[in-house]
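The structure appears below as structure tokens.
Letters A, B, ... are given to chains in the order of the sequence lines, protein chains preceding strands, and every chain is numbered from 1.
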Amino acid sequence: MKFRIAYKKELNPSQFQAVNITKGPLLVIAGAGSGKTRTLTYRVARLVEEGISPSAILLLTFTRKASQEMLKRASRILDNRCEGVAGGTFHSFAYSMLRKYASRIGFNHGFSIIDRSDSENLISMLRKEMKGVSKSGSLPRKQTLGNIFSRAVNKNLSIEDIILDDYPHFSRHLESIHAISDAYRKQKAEHNYFDYDDLLIYLEVLLKDHPDVREKICSTYHYLMVDEYQDTNKIQAEIVCLLAGNNNVMVVGDDSQSIYAFRGANFENIIRFPEKFPGTRIIRLEENYRSVQPILKLTNVIIDRARQKYSKTLFTRKSGGSLPLLVNAGSENRQSQFVVERIQALNRNGVPLNQIAVLFRASFHSFDLEIELNREGIPFVKVGGFKFIESAHIKDILAHVRLLLNPYDKLSWYRILLLLDNIGPKTALDIFESISSEQSGYSGLFKKKLKSKQSKSLDRLKNLFSSIDPSEMSVVRLGEAVVKYYTPILINKYDDHPKRAKDLEHLMTIMERYDNLERFLADMTLEPPNTSSHDGFLADKPDDDRLILSTIHSAKGLEWHTVFIIWALDGRFPSTHAVHDEKALEEELRLIYVAATRAKERLFFTYPGTVYDRISGMVLNRPSRFLDDIPDDILEKCSAMTF
DNA sequence: ACAAATACTATTTTT
DNA sequence: TAGTATTTGT
């Protein structure tokens, strides 16, 4: 067969093999910077060139952006048939399958997806009820409870196991926690709520218990490709098994880059893949095309300390380059200043801002730097951490919008009613009960008798709901009506309302892109914009030359000319929480490995000399233990003063 | 009885 | 800083 693309010429031998083997199970161990994306992209093109229908190919990735990017690139090297390939995250794929087959799993009236904070709010309500019952000491907070429940699902363990393993100090509350978990499950079923984990659970149920559905889905998607396989959990691995009916399944991953164990990911999925699929062919991509020699030398030393790994050694042909540098800055602010100065110097020497990234372990690590960047007028985007979509004012608007789709949405009513004067938790729930029992849509709001003060606050809300009609107005018009109603509340509630009003404007520009309310809401929970709130309204301009600030988790798969890793301070990275747990410590090690392997030409680690840690009462003054004893000819050390 | 204001405390990463 | 527990106010 003659192909338009010269695969053999454009790929190295291992990559070519991975593209060339299109049938049967295939495991690709792809080291950092080894052209993993390139390989997947060419493989998509190859399948399409072989005459396979694009809609028969399913590409599961970690973010929607990643799959879009790959399909776009595949289209560029072949043609736009590649855009027809089905791609997305496990969660978005689960969503579309479950929508299609909702009635098969007993959800005849559909369901709505709740995000993490919705789920926590629901848990919080149940926790309050439970507080009266349990006697001794305080229950875990809602966030912790959410973590416990989610981890149990994603690791396929019981609540007992999770508490004994990870939260032994809460074991005396085991019964109460169990009760809350049961109540949570019940509430979700009653209100047709699916949390993130439910999407995976119900997809597994659908595939497992309904052979005809599974048959149908498998006969649609003949070719399955899964990216970032090291970060899948047990359910996802099971789903891959169920989907790979005809064994044409390729998974790509790197156990050294597994950084999502905290949410149940297990890189042993990679190791077990050949057991699950007998006859699996294994290909290793070991040539690094990204980093210069000195950087690769350091990252190889870092990952060498990992206990458990698929062994591989990356090599590069990129010669030259300077040694990575570990800088003692003296203080947090001096660290920020140092980074700013280096960025300005690089920029003067012709490195564009968008080729420079500052990476950190936790979102708040960049606060001081952000102030310094603003002072110097250096434009930046921040990725990861607290998201635009998670800020209270955006969630307020979305709650109103959600009610237009489902007037019996308990969480949304609760949220928007609490915004009103003289209405607290009790009244809000009473009103919801009334609406729910009336069964007459949101006009049920008019039925409930209230004190005059309270009904006065409700009047404007009633007005809003009687003036809008989701069947007649476009998505963005609905949004505008809600914003108009909400603005006085916003001004009253927040001192910084001008900034937040801008966010609402940005939300309107996002809504403009949708003509379907349901799709809009699903996207907002499944694939929300990943940038942080205050720069959200600028984030859509892709060519903007701006510095990147990012959590390491959100930097996965990306690369820059120069990378700064700040707060490389023992006690922060690894954090004091992780140091007593070997598994957690290993994950921190992989995390610093992922961060360092993002760099192409220049790599800086910085730490503030001495920091007092209020929580542990310790003085932190050592560089990260992962870097501390690396020889000077691999990692150069200096202080900001002597640079 | 319930809402609103105030005090206290523990602090990561994300679909 | 935000979530929760506690106190004060209507």
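- Among the heavy atoms of the strands, none lies under 4.0 Å from A/F90.
- Backbone-only engagement by A/P425 is indicated by non-hydrogen atom pairs under 4.0 Å involving sugar-phosphate atoms exclusively.
- Nearest-nucleotide positions on DNA chain B place A/G424 closer to the 5' end than the other of A/G424 and A/E390.
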Summary of protein contacts for nucleotides 5-10 of chain C, nucleotide by nucleotide, where a base hit scores B, a sugar-phosphate-only hit scores S (4.0 Å, heavy atoms): S----S
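- By the salt bridge (Lys or Arg N to Asp or Glu O under 4.0 Å) test, A/D613 is found to be paired with A/R572, residues two or more places apart in sequence or in another chain being considered.
- Within 4.0 Å (heavy atoms only), A/T89 reaches sugar-phosphate atoms of the nucleic acid but no base atom.
- A/F90 places none of its side-chain heavy atoms less than 4.5 Å from the side chain of A/L199.
- Applying the salt bridge (Lys or Arg N to Asp or Glu O under 4.0 Å) definition to pairs two or more places apart or across chains, those involving residues 359-368 of chain A are A/R361-A/E588.
- Nucleic acid contact class of A/S554 (heavy atoms, under 4.0 Å, all strands): sugar-phosphate only.
- Minimum heavy-atom separation, A/T89 to A/R64: CG2-N, 3.8 Å.
- Within residues 141-153 of chain A, the residues having any heavy atom under 4.0 Å from DNA chain C are, by residue number, A/R141, A/K142.
- Chain A approaches DNA chain B within less than 4.0 angstrom (heavy atoms of the protein), and the contacting nucleotides run 5' to 3' from B/dC2 to B/dT15.
- Secondary structure note: stems in DNA chain B built from 3 or more consecutive Watson-Crick or G-U wobble pairs under 3.5 Å occupy B:1-10 with C:1-10.
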